[in-house]
Every structure is written in structure tokens, then in C-alpha cells.
Amino acid sequence: MTSGSPLNGKGSTLRLLSGHDIPRLGFGVYQTPTGVAEDVTAHAIRSGYRHVDSATAYRNEAESCKGMLGGGVPRQQLFFTSKVPPKEINYEGAKKCVAETLQKTGLDYIDLYLLHAPYGGKAGRLGAWKALVEAVAAGKVRSIGVSNYGVHHLEELEKYIGETDAKEGKGKGGVLSVNQVELHPWLARPDIVDWCQSRGVVLEAYSPLVRATRMEDPALKALAEKHKKTPGQILLRWGLQKDFVILPKSVTHKRIDENSEIFDFELSAEDMKSLATGVYEPCAWDPTTSRD
């Protein structure tokens with residue numbers, strides 16, 4: 001993983017193993033109602049975001065993409081993500097989902113397509129991955145990855161990619177560019193983070209604001225006071241300094257703006273250490289532990 005641009009503004013990116021750049025700041029649209037998705041996504045783009053994280057399961061791909069395209073920024077500067085839902089984690093399901101996302105959004109290509117969770121059993125997971133690899137070869141998708149994968153799931157996929165490359169030729173097994181998981185100071189996941197970062201796989205952090213459940217934490221409030229920032233901005237900056245792509249969500253224009261104002265300060269090593277809680281406390285679902 002190499003920096004496409006320095007961590008000095010909303011345009012900061014990371015270089016994916018696929019060779020494409022991904023914006024460090026993404027706009028999450030999980031549970032964003034279709035009635036407001038277009039408006040808030042367009043506002044995010046006008047505020048400097050260039051990356052929208054949607055999914056088939058969110059049922060707002062069309063609206064969020066329309067908002068993204070309506071923000072006044074050329075398509076080539078924008079980054080759109082979708083995901084194969086858990087119930088479709090198989091070859092035919094993944095193939096259908098890619099086609100449906102292209103149809104719903106009207107896009108010529110999807111920047112990033114992920115497997116939303118490590119469900120469907122081994123055959124389902126690897127079949128769905130094969131469909132994503134084919135979508136890249138066909139020019140329908142630029143980069144592919146996974147979401148909510150634990151180390152054992154990642155190793156299963158790594159083995160498949162290696163064996164496929166050995167049999168069919170380099171690259172035929174696909175390129176794992178991203179693992180998107182819940183990440184914040186109360187769920188730092190050192191095992192998953194170490195595995196991915198040692199291989200150049202970019203980590204995307206969902207629920208980086210811990211669903212607003214930790215804003216009164218004393219250590220967090222102390223850092224907010226020290227840096228004259230909100231607790232939420234401290235959390236987002238923590239994720240950036242961990243080399244994650246962060247995916248905050250909001251349906252409020254003011255909060256969308258606030259969540260992007262995180263490039264004008266830096267947490268010290270001591271600040272970061274004060275947020276090293278060492279606990280394992282998800283605020284969302286946690287498929288990384290599944291053993292199916």
C-alpha cells in the first residue's frame with residue numbers, strides 16, 4: 001500500500017493493489033433513506049468528499065449515485081463502492097448483483113465491489129469472488145475486496161488466489177485490494193489490521209464514530225478539548241492516522257461538513273496511545289468471527 005497523495009487534505013488517497021487510488025475520506029450511506037440519499041450525497045461531494053460507500057443491501061445505490069454525480073465533480077474524480085449482500089454470496093448471486101448495480105446507477109464501471117460478509121460457506125465465498133474477478137476482467141469493476149473478513153477468511157481467500165494464479169497464470173485469482181470492517185479505538189482489531197497491512201490490503205473503517213455511543217468517553221473528550229475539535233473529529237483523525245480509509249455517515253449537512261474537517265490537525269503519539277483501549281467491543285454486527 002502506497003500513498004497516492006499525502007495526508008494533507010480531503011483529496012488524500014491511498015494506492016490500492018489493483019493500481020487504482022481510493023480517497024481516504026468516504027461518505028457512508030448505510031441506513032440513509034432513499035428520500036434524502038441524493039441530497040446528502042450531493043452535499044457531501046460539494047463539501048469535498050469524493051468517495052461514496054453504498055451496498056446492494058442499503059437499497060439506495062441509485063439515489064446515492066445520482067447525488068454523487070450531481071455534486072458538480074467529473075466522474076473520473078469520483079469513487080463509488082457497492083457490495084454483494086450476504087444472501088447472494090455465491091457465483092451467480094455476485095454476478096447478478098454487479099449487473100444490477102450497473103443498471104441501477106447508470107455507471108459505466110463500479111470503482112470498488114466488495115463481498116459484504118464471509119457467509120455462504122467456502123464454496124459460496126470463493127464462487128462470489130470468482131464472479132468479481134470476472135467483472136474486473138470485463139471492465140465492469142475496477143477494484144475488488146471483501147468486508148467483515150476475519151483472518152481465517154482472509155487466509156482462505158489468499159490460498160485460493162495463490163493456487164489459481166499458479167494454475168491459470170498471474171492475476172487470474174484476482175487482486176484483493178480492500179477489507180472493510182468496523183474499526184475504532186474500542187475495536188482496533190490488531191490481528192486483522194496486521195494481516196492486511198503486511199500484505200498491502202487497504203483497510204476501510206465503518207462505524208468509525210462508534211454510532212455516537214462513546215462521545216462522553218473521558219480520554220476522547222480530553223483530546224477534543226486539547227485540539228479544539230469535536231470528539232467525532234478526534235475519532236476520524238485516529239482512523240486516518242492508523243492508515244485506514246474512513247467511512248463516516250450522516251444525514252445532516254452540518255455534520256457532513258464537520259466530519260470532513262479533520263485534515264488541519266494531528267494527534268501526537270501520546271494522543272494515539274491514550275486511545276489504545278485494548279478492548280473488543282463491536283457496536284455493529286461482527287461476521288469476522290463466523291466459522292461457516
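By convention here, the first residue in the shown sequence is residue 1.
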Trainee: Does NZ belonging to K172 count more than 12 external heavy atoms closer than 6.0 Å?
Mentor: no
Trainee: Is the closest side-chain donor-acceptor distance between S54 and E61 under 3.5 Å?
Mentor: no
Trainee: If you measure from the Lys or Arg side-chain nitrogens to the Asp or Glu carboxylate oxygens, is any gap between K140 and E134 under 4.0 Å?
Mentor: no
Trainee: Hey, does the side chain of D53 reach the backbone of F80 with a donor-acceptor pair shorter than 3.5 angstrom?
Mentor: no
Trainee: Is the closest side-chain heavy-atom distance between Y91 and K96 below 4.5 Å?
Mentor: no
Trainee: Will you find, in the side chains of H153 and E155, an N or O donor that is under 3.5 Å from an N or O acceptor?
Mentor: no
Trainee: Hey, does the Lys NZ or Arg CZ of R75 hover above the aromatic six-ring of Y109, less than 6.0 Å from the centre and inside 45° of the axis?
Mentor: yes
Trainee: I need the minimum non-hydrogen distance between M215 and L220, along with the two atoms involved.
Mentor: CA-CD2, 4.2 Å
Trainee: Is the backbone of C97 close enough, under 3.5 Å, to the side chain of Y113 for a donor and an acceptor to pair up by distance?
Mentor: yes
Trainee: Are L187 and V202 grouped together when hydrophobic residues (ILVMFWY) are joined by side-chain heavy atoms under 4.5 angstrom apart?
Mentor: no
Trainee: Do side-chain atoms of R50 reach the backbone of G11 as a donor and acceptor pair under 3.5 angstrom?
Mentor: no
Trainee: Using a 4.5 Å cut-off on heavy atoms from C-beta on, say whether the side chain of V193 contacts that of K242.
Mentor: no
Trainee: Is there a path of hydrophobic side-chain contacts, each under 4.5 Å between heavy atoms of I, L, V, M, F, W or Y residues, that connects L154 with L126?
Mentor: yes
Trainee: If every non-hydrogen atom of L223 is compared with every non-hydrogen atom of S274, which pair is closest and at what distance?
Mentor: CD1-OG, 3.6 Å
Trainee: Hey, are E182 and S207 close enough side-chain-wise for a donor-acceptor pair under 3.5 Å?
Mentor: no
Trainee: Is there a donor-acceptor contact under 3.5 Å from the side chain of Q180 to the main chain of L114?
Mentor: no
Trainee: Is there a donor-acceptor contact under 3.5 Å linking the side chains of Q233 and R237?
Mentor: no
Trainee: Any ion pair linking D264 and K229 (charged N to carboxylate O, less than 4.0 Å)?
Mentor: yes
Trainee: Check side chain to side chain contact (heavy atoms under 4.5 Å, CB included) between S18 and all other residues, then give those that pass, not counting sequence neighbours.
Mentor: L16, H20, S143, S177
Trainee: Please check: side-chain N/O of K249 versus main-chain N/O of Y30, any donor-acceptor pairing under 3.5 Å?
Mentor: yes
Trainee: Given the rule in the side chain to side chain contact (heavy atoms under 4.5 Å, CB included) test, do N259 and S250 qualify, once you have shown the distances and angles that lead to the verdict?
Mentor: CA-CA 9 Å; N259 288 343; S250 178; 4.3 Å; yes
Trainee: Count the heavy atoms of every other residue, nucleotide or ligand shown that sit under 6.0 Å from CD of E270, and state whether that count exceeds 12.
Mentor: no
Trainee: So do the side chains of K104 and T56 get within less than 4.5 Å of each other, counting heavy atoms only?
Mentor: yes
Trainee: Just checking, any donor-acceptor pair under 3.5 angstrom between side chains of T288 and R189?
Mentor: yes
Trainee: Using 0.5 Å steps for rounding, measure from the CD atom of E258 to the CD atom of E261.
Mentor: 7.0 Å
Trainee: With rounding to the nearest 0.5 Å, note down the distance linking CG in N179 to CG in L115.
Mentor: 10.5 Å
Trainee: Taking R24 for its side chain and I246 for its backbone only, find out whether a donor-acceptor pair lies under 3.5 Å.
Mentor: no
Trainee: Measuring from atom NE2 of H184 to atom CH2 of W238, what distance do you get when rounded to the nearest 0.5 angstrom?
Mentor: 8.0 Å
Trainee: Got a sec, which pairs hit side chain to side chain donor-acceptor pair (under 3.5 Å) with one end in residues 37-46, sequence neighbours left out?
Mentor: D39-H253, H43-S47, H43-H253, H43-D257
Trainee: Is the shortest heavy-atom distance from the side chain of F79 to the side chain of L112 under 4.5 Å?
Mentor: yes
Trainee: Check whether I161 and I89 end up in the same hydrophobic cluster, where Ile, Leu, Val, Met, Phe, Trp and Tyr are linked by side-chain heavy atoms less than 4.5 Å apart.
Mentor: yes
Trainee: Quick check against the 3.5 Å criterion: does R255 have a side-chain atom that pairs as donor or acceptor with the backbone of V251?
Mentor: no
Trainee: So does L107 get a backbone contact from the side chain of T105, meaning a donor-acceptor N/O pair under 3.5 Å?
Mentor: yes
Trainee: Considering only heavy atoms from C-beta outward, does the side chain of L14 approach that of V245 to under 4.5 Å?
Mentor: yes
Trainee: Would you indicate whether the side-chain heavy atoms of V146 and V178 approach each other to under 4.5 Å?
Mentor: no
Trainee: Mind checking the OG1-NE2 spacing from T13 to H51? Nearest 0.5 Å is all I need.
Mentor: 12.0 Å
Trainee: Between CH2 of W285 and OG of S290, what distance do you get to the nearest 0.5 Å?
Mentor: 9.5 Å
Trainee: Report yes or no: do Y119 and N90 form a side-chain donor-acceptor pair below 3.5 Å?
Mentor: no
Trainee: Indicate, with yes or no, if Y280 and L235 share a hydrophobic cluster defined by side-chain heavy-atom contacts under 4.5 Å among Ile, Leu, Val, Met, Phe, Trp and Tyr.
Mentor: no
Trainee: For the atom pair CD (Q77) and CG (D21), what is the distance rounded to the nearest 0.5 Å?
Mentor: 12.5 Å
Trainee: Going by atom types alone, do Q31 and N60 pair a side-chain donor with an acceptor below 3.5 Å?
Mentor: no
Trainee: Considering residues at least two apart in sequence or located in another chain, which fulfil the side-chain hydrogen bond (donor to acceptor under 3.5 Å, both in side chains) criterion with K122?
Mentor: none
Trainee: Can you see whether T289 engages D286 through a side-chain donor-acceptor pair at a distance of less than 3.5 angstrom?
Mentor: no
Trainee: Taking C-beta and beyond as the side chain, do V201 and L203 meet within less than 4.5 Å on heavy atoms?
Mentor: no
Trainee: Do the non-hydrogen side-chain atoms of S12 and F263 ever get within less than 4.5 Å of each other?
Mentor: yes
Trainee: Cluster question for you: counting only ILVMFWY and a side-chain heavy-atom cut-off of under 4.5 Å, with indirect links fine, are Y58 and L102 together?
Mentor: yes
Trainee: Establish, yes or no, whether the cationic atom of R125 lies under 6.0 Å from the six-membered ring centre of W129 and within 45° of the ring axis.
Mentor: no
